[in-house]
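Contents: one structure, followed by commentary.
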Protein chains: 2
Amino acid sequence: MAEQSEQQSEQSEVSIWLRPARSGRGPAPAFDRDRLAEAGVALADAQGLAAVTMRAVAQSLGSAPASLYRYVATRDELVELMTDRVNAEISYAGLGAGDWLDDLLVLAREARAVCLRHPWLLDVFASSAPVGPRTLAYLDRCLACLDELPLGGKDKLEAIAVLQSLVASLARAELAKQLDATEPPPWRRARDEYLRHAAATGEYPHLTTVLKDAGPAGSKSADELFDRIVTRALRGLLLAR
Amino acid sequence: MAEQSEQQSEQSEVSIWLRPARSGRGPAPAFDRDRLAEAGVALADAQGLAAVTMRAVAQSLGSAPASLYRYVATRDELVELMTDRVNAEISYAGLGAGDWLDDLLVLAREARAVCLRHPWLLDVFASSAPVGPRTLAYLDRCLACLDELPLGGKDKLEAIAVLQSLVASLARAELAKQLDATEPPPWRRARDEYLRHAAATGEYPHLTTVLKDAGPAGSKSADELFDRIVTRALRGLLLAR
DNA sequence: CTGGTTCTGCGATCGCTGTTCGCAGTATTG
DNA sequence: CAATACTGCGAACAGCGATCGCAGAACCAG
C-alpha cells in the first residue's frame, strides 16, 4: 500500500540529522552511522580527506561500496558525520574562570586543538560548513558567551563566524609550519626551486634580501607588530565594504 | 642522440615557471599557456572551479583533452596558471599616499577585490599556495612595505601570510553574505530546516533565542566589538602555541 | 507455522574525472 | 632532401561517486 518511491525521493533532500537511522523492519544493519564516521575519521587522520573514498571506507569496514549508501545518501553526508563526530572531543571544562571574552577564547582554543588533531577539517570547512548536533552544542556555548552583549542575533552569529575562520587560519598556519619541518612534498621542492631562481634574477629585490636573511623568527616585538597589522587591516577591510 | 625519456621524466618534477614553453622545432602550437589560463578563468568565473575540467577547457578552446598536456603537465598546473593570471588585475597605483601600514592596506584591498571577482581563488588557496611571477611581484610589493621594520625575514613573510589569510577569510564572509541573498542551493534548504528543528527542540537555548531575533545586523558598536574580539582572540591564540 | 512485507548487503554497471600511449602529420634543421 | 623534434589527438585506463535490481534475512499479521 505504501508508495516508497515518493518517500525516498523526498528523503534525499532532507538533512541526515532529521532522517531516522532505521525503521525496525528487516535484518539488523551490520554497523551504524557512527561506526561509519569512525572509519572515515581514521582514514582521514592517516592519509588525508582525499583518502576517504567510499571504496576505502567500505574496505576498512569489511563491506562493499554500495552498502554504505544504506547509511548515507552521499559522500558529503559521510564527511558531515565525520565532522560532527570529532566535535565530541571538545571539552567545556575550562569555562567560567573569567569574563565572557575569556570563555570565548577557551572555546576557540578547544576548536583550534581539534583542527590540529584532524587537519582534514580545514579542507572540510573550506568548501562547506557542516552542522550537526555536536556542532550546535559548541555554537550554543559560544552564543552563551555573548549573551549579555548589546548585539543583534545576526551580529552575534557573524562575530562567531569571523572568530571561527580566524581559528582555522591560524591552525592552517601552524600546520604549514610543522609541515615544513618534515620532508618531501614533491611539488614543494619544485616551488622552492622556482623561488630561489626568482630571487637570483633580481627581479624581486625585497624578496631576494628577505630570503637571504636566515635569522631566527619570533620575538616579543614581532607578536606586537602582528597585532598592530592585523587589527588595522581588519578595521580597514571592514570599512571597505 | 638525445634521450627524451630522461628529459621528460625530470621535467615533470620542475615548476612550470622554469620550464620553457616551446623549443623552436616542430609545428607552431595552436595556443599558448596564457590562452589556456584565460579559458580556465572564464570557466571558473562562470561555473566554479569544479567546472574547470580538462575536457571542458579543451572544448572551449576547440581542442581535445589530450592536447592540453602539451602545455601543462597536470590540471594543478593549469590552476597555477589561472591563479597567477588574475594577479595581473592588481593595481599598484594607490601606493605611497601614507605610511607603510597604509600601503599594506591598499595592497590587501586590491587582493580582496581580486578574490571577490574570482571566488574560486578561495578554493585554490584552501588546498595549495601557487606561486607565479605575478604573485611574486605582489609579494615583493608587500615586503617593500615592511622594509624599515625591525623584523627578521621569516617574520616578515609570516606577517604577510597571516594578513593574506585574513583577507581570504573576510572575502569568504562577504561572498557568503551575498550568496545568502540569492536563491536556493538545495543542501542549504536541508541545513536550515535542521537548524529550525534543532532550535525548536529547546536543546540549544541560546541558539533558539538568537534565531528568533530577526533584527537588522550591522551597527557602529558591532564593528568595534568585532575588533575587540578578534584582536584579543589573535593574541590569545598566538600565545597558545 | 506460514506468507507477505520490508528491509539489508552487494555485484554489476554507469558516467565522469585526470592522465597516458602511440600514431599521423608538420615545421624546422643540417 | 632527409632526419629530427615537435604538434594535435583518438583511444584507452584506472579510479571516483553513485544507481539499479536482486537474493536473502528478519519481522509481523493471521
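Predicted, not measured: the structure shown is a model, and the values here were computed from it. These numbers come from the heavy atoms of this one structure, side chains and all, not from hydrogens, waters or symmetry mates. Every chain is numbered from 1, with letters handed out A, B, ... down the list of sequences.
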OP1 or OP2 of [N] versus the side-chain N and O atoms of [X]: is any pair under 4.0 Å?
X: B:S63; N: D:dG8; value: no
X: A:Y71; N: C:dG9; value: yes
X: A:Y69; N: C:dC10; value: no

For atom [atom1] of [X] and atom [atom2] of [N], their distance in whole Å:
X: B:R55; N: D:dA11; atom1: CZ; atom2: C1'; answer: 11 Å
X: B:D32; N: D:dT7; atom1: CG; atom2: P; answer: 13 Å
X: A:E77; N: D:dG17; atom1: CD; atom2: P; answer: 14 Å
X: A:R70; N: C:dT6; atom1: CZ; atom2: P; answer: 14 Å
X: B:R25; N: D:dA2; atom1: CZ; atom2: P; answer: 17 Å
X: B:R75; N: C:dT20; atom1: CZ; atom2: P; answer: 15 Å
X: B:Q59; N: C:dT17; atom1: CD; atom2: P; answer: 11 Å
X: B:F31; N: D:dG8; atom1: CZ; atom2: P; answer: 6 Å

Check: Taking atom CD of B:E89 as the centre, does the number of heavy atoms from other residues, nucleotides or ligands within less than 6.0 Å exceed 12?
Finding: yes
Checklist line | Note: A:E193-A:R188 ion pair, threshold 4.0 Å (strictly below) | finding: no
Margin query: Using a 4.0 Å heavy-atom cut-off, does B:T53 contact any base of the nucleic acid, only the sugar-phosphate backbone, or nothing at all?
Written below: sugar-phosphate
Margin query: Any base atoms under 4.0 Å from A:V57, or only sugar-phosphate, or nothing? Heavy atoms, all strands.
Written below: nothing
Note to self: For A:Y69 and A:M54: C-alpha separation, side-chain torsions, deciding distance, then whether side-chain contact (heavy atoms from CB on, under 4.5 Å) applies.
What the structure shows: CA-CA 9 Å; A:Y69 290 91; A:M54 300 306 267; 3.5 Å; yes
Check: Is there side-chain contact between B:W120 and B:V41, with at least one heavy-atom pair below 4.5 Å?
Finding: yes
Next item on the list: Start with the C-alpha gap between B:T83 and B:H118, add the side-chain angles, then the distance that decides, and say whether side-chain contact (heavy atoms from CB on, under 4.5 Å) holds.
Entry: CA-CA 9 Å; B:T83 304; B:H118 308 286; over 6 Å; no
Next item on the list: Taking only the side-chain heavy atoms of A:A66 (C-beta and beyond), determine which of C:dA27, D:dC20, C:dG9 contains the nearest atom.
Entry: D:dC20
Note to self: By nearest heavy atom, map B:D76 and B:P27 onto DNA chain C; which one lands nearer the 5' end?
What the structure shows: B:D76
